[in-house]
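Structure first, commentary second.
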Amino acid sequence: MASTTASTRFALPPLLIRFLVIAGLVGLWEIASNSGWVNAFTAPAPSSVWKGFVKILAEGGLGEAMVLTFTTALLAATLGAVVGIASGYMLHIWKAAGEAYTSWLAALASAPLVLLYPLFLVIFGRNMWTVVAMGAIGCTPPIALKAKEGLDGVKPVLLNVGRTFNLTPKQQFWMIMFPASLPSIFTGIRIGLLFAIINVVGVEFLVNVGGLGQLIAHLGDRFDYPQMYAGIFFVILVSVAFFWITEKLEKWLLSNT
Amino acid sequence: MAEVKQAPVLRLYNVAKTFVTPHGNVRAVEPVTLDIRQGEFISVIGPSGCGKSTLMNIVGGLIEDYEGSVEVDGIQVRGCHKEIGMVFQEESAFPWRTALDNVTFPMEAAGIAKDERVRRAMELLHLVGLDGFEKRFPSELSGGMRQRIAIARTLAFRPRILLMDEPFAALDEQTRLLLGDKVLQIQQELNQTTMLITHNIAEAVQLSDRVLIMSFRPGRIKRVVEIDLPHPRSSKMMGGERFGQLVATIWEDLREEASKGLQELERVKN
Ligand SMILES: Nc1ncnc2c1ncn2[C@@H]1O[C@H](COP(=O)(O)OP(=O)(O)O)[C@@H](O)[C@H]1O
Ligand SMILES: [Mg+2]
C-alpha cells in the first residue's frame, strides 16, 4: 500500500501522458516545418493543416463526404454481417468444411482484398454498389471467423440444458447458441466494420465515386497538401473514435441484455 | 401411506453402457436395475470415474445409445423426456439472462404466457431463497446462488423426476450444507422424486431415503443402504449417533472401491 501511494504520487494519469505525447509530437512537427528542417510543401505545419481542415469543413464538402462514406460502410457491414454470420454457422455445423476452410478464411481476412476492385468495377460499374460490395467483401471473413469461433465455443452443458428442456432445433439456436456466442459475434462485427471503412475509403480513393476517399484523392491531385492531410487525419480520427464508441457500445450491450 | 404397492415412477432395467472410442471400448456401466417410488430421494455414491454421470445422462436422455431400458410410469422412454429434469455439476445458469429470466426459460420455450411464467418463476426463486435477486445476472451472484438458479430453472420445467449430478461439488462446505437443507425443503414441499449423484457420504445420508453405492469401473450397484433417519431431515442431524453409524457403514463399502480407483490412478501414472 505504502509503495503504491508513493509511486502514484509522482505518476501522471495515463490519459494526460497520452495527450502530452501527442501534443509534443505536433509541436515538434510545427517547429520542424516552420524552421525548414522538413519541406513545408509536402509536410505542411499542423497549423496550416488545421486551417485546411476548417476550409474543407466549410466549403470542401467534408460533411457530405463523411455521411456518404459511413452510410456505405454501414450498408457494407450489414451485408457482411448477414453473410458472415451465416457462413460462420455453416462452418460450425459442417465440421469437415470448418476444418478445411477456416485457415483459408483467416488468410483471406488478412489479405488486401481491396485489390479486387477492378473485378467489381466490371460487375457493378462505377457506382456506389461497387464500393458497398468491396466493403462487404472486406468485412465478411473476420465476421465469419468470429461467428464460427463463438458458436464452436458454446459450453456443451448449456446445450444439454436446452436438450433436457426439449427445445426444438430452432429454439436451441436462437435461445442458447446465438446469445451464448454473441460476445464473439459482436467483436467480429466491430472488426468487420473497421475493415469495411478501410475498404470503402480505399475504393473511393481509387475509383472516384465520392466519399472521403475521393475527397482526399482530389486534394492530393490539386497538390493541396494542408487540406489533404486534414482529410487523412480526419479519417484516422473518426475511425479511432468509431472503434472506441463501438467497443463501449459492445460492453454496454453485453452487460445489459 | 397407500396400502397398495405403488408402481414405481422411474424404473431402470438392466441399463448398461459401453463407450466405443478410438482407443478401444470403455465399459462405463454394468447392468443396473432399480425402481424409484414417487417422492423418493435416492443418492448414488461412488468413486469418481465409476459411471455415475453416464448413468444419469442415460436416465436424463442425453445418452440415447445404451443397453437395457428406462421407464417412466411404466412407459419406456428414450431421449430427453418432459417428465425428467436435470441439474448439472458445471455452471449452467445462462450468463446473458437475469436470475428471473433464467427461471422463466423452460416456460418461455414451452410457450407459456408471460404473466404466468413470471408468477411461477417468482415462486420458485422464493423457494430456493433468492427473493430480491430476480434482476441480478449470474455474474453478480455467488456460485451457490447460481446453482440455486439452475435448480429453480429445472423445477420450472415441472419434472416428475429431478436428476442432480453433483450439483454442489464446486461449492464450499458451508454453502453445500445449507443448500442440502434447501433441497430437502424443496423435496418435501413438492414431494419431488429426486435422484442425486454425489461423492459426499454425509450429504447422501442427510438427504436420502436410499443410498446406492456404486463399484469402481465398470460401475454396478454394489449395495443399497436404507437411510432410516426420521423425517423431516436437516443438517442438524449430522451429529447424531445413527447418522454416524450410517456414514461408517457406507464408508466401509466405498473405501474398497475408492482404493481400487486410487490404485488404478497410480498404475496409469507409472
Ligand atoms: N463420452 C465418453 N466417451 C468415452 N468414455 C467416456 C465418455 N464419458 C465417460 N467416459 C468414461 O466412462 C467412465 C465413467 O465416466 P463418468 O460416468 O463420467 O464417471 P463419474 O461421473 O462417476 O465420475 C470413465 O472412465 C470415463 O472416462
Ligand atoms: Mg461425474
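Within every chain, numbering begins at 1; the chains are lettered A, B, ... in the order of the sequence lines, protein sequences first and strands thereafter. Side chains are part of it too, since the values below use all heavy atoms of this structure and drop only hydrogens, waters and symmetry mates.
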B:E91 versus chain A, the contacting section by heavy-atom distance below 4.5 Å: both

A:V157 and B:S92 have their tightest heavy-atom pair at CG2-CB, 4.0 Å

Take atom NZ in B:K135; do more than 12 heavy atoms of anything else shown fall under 6.0 Å from it? no

Only heavy atoms, only distances under 4.5 angstrom. Which residues in residues 162-181 of chain A are near chain B? A:R163, A:T164, A:F165, A:N166, A:L167, A:Q171, A:M175, A:I176, A:P179, A:A180

Just to verify, what does A:V240 make a side-chain contact (heavy atoms from CB on, under 4.5 Å) with, not counting sequence neighbours? A:I236

Count the heavy atoms belonging to other residues, nucleotides or ligands that lie under 6.0 Å from CZ of B:R11, then report whether that count exceeds 12. no

Going by heavy atoms in the side chains, are B:F88 and A:N160 under 4.5 Å from each other? yes

Would one find more than 12 heavy atoms of other residues, nucleotides or ligands at under 6.0 Å from atom CZ of B:R120? yes

For A:Y101, does the OH atom sit with more than 12 other heavy atoms under 6.0 Å from it, leaving out its own atoms? no

Given that the side chain runs from C-beta out, which part of B:I84 has a heavy atom under 4.5 Å from chain A: side chain, backbone, both or neither? backbone

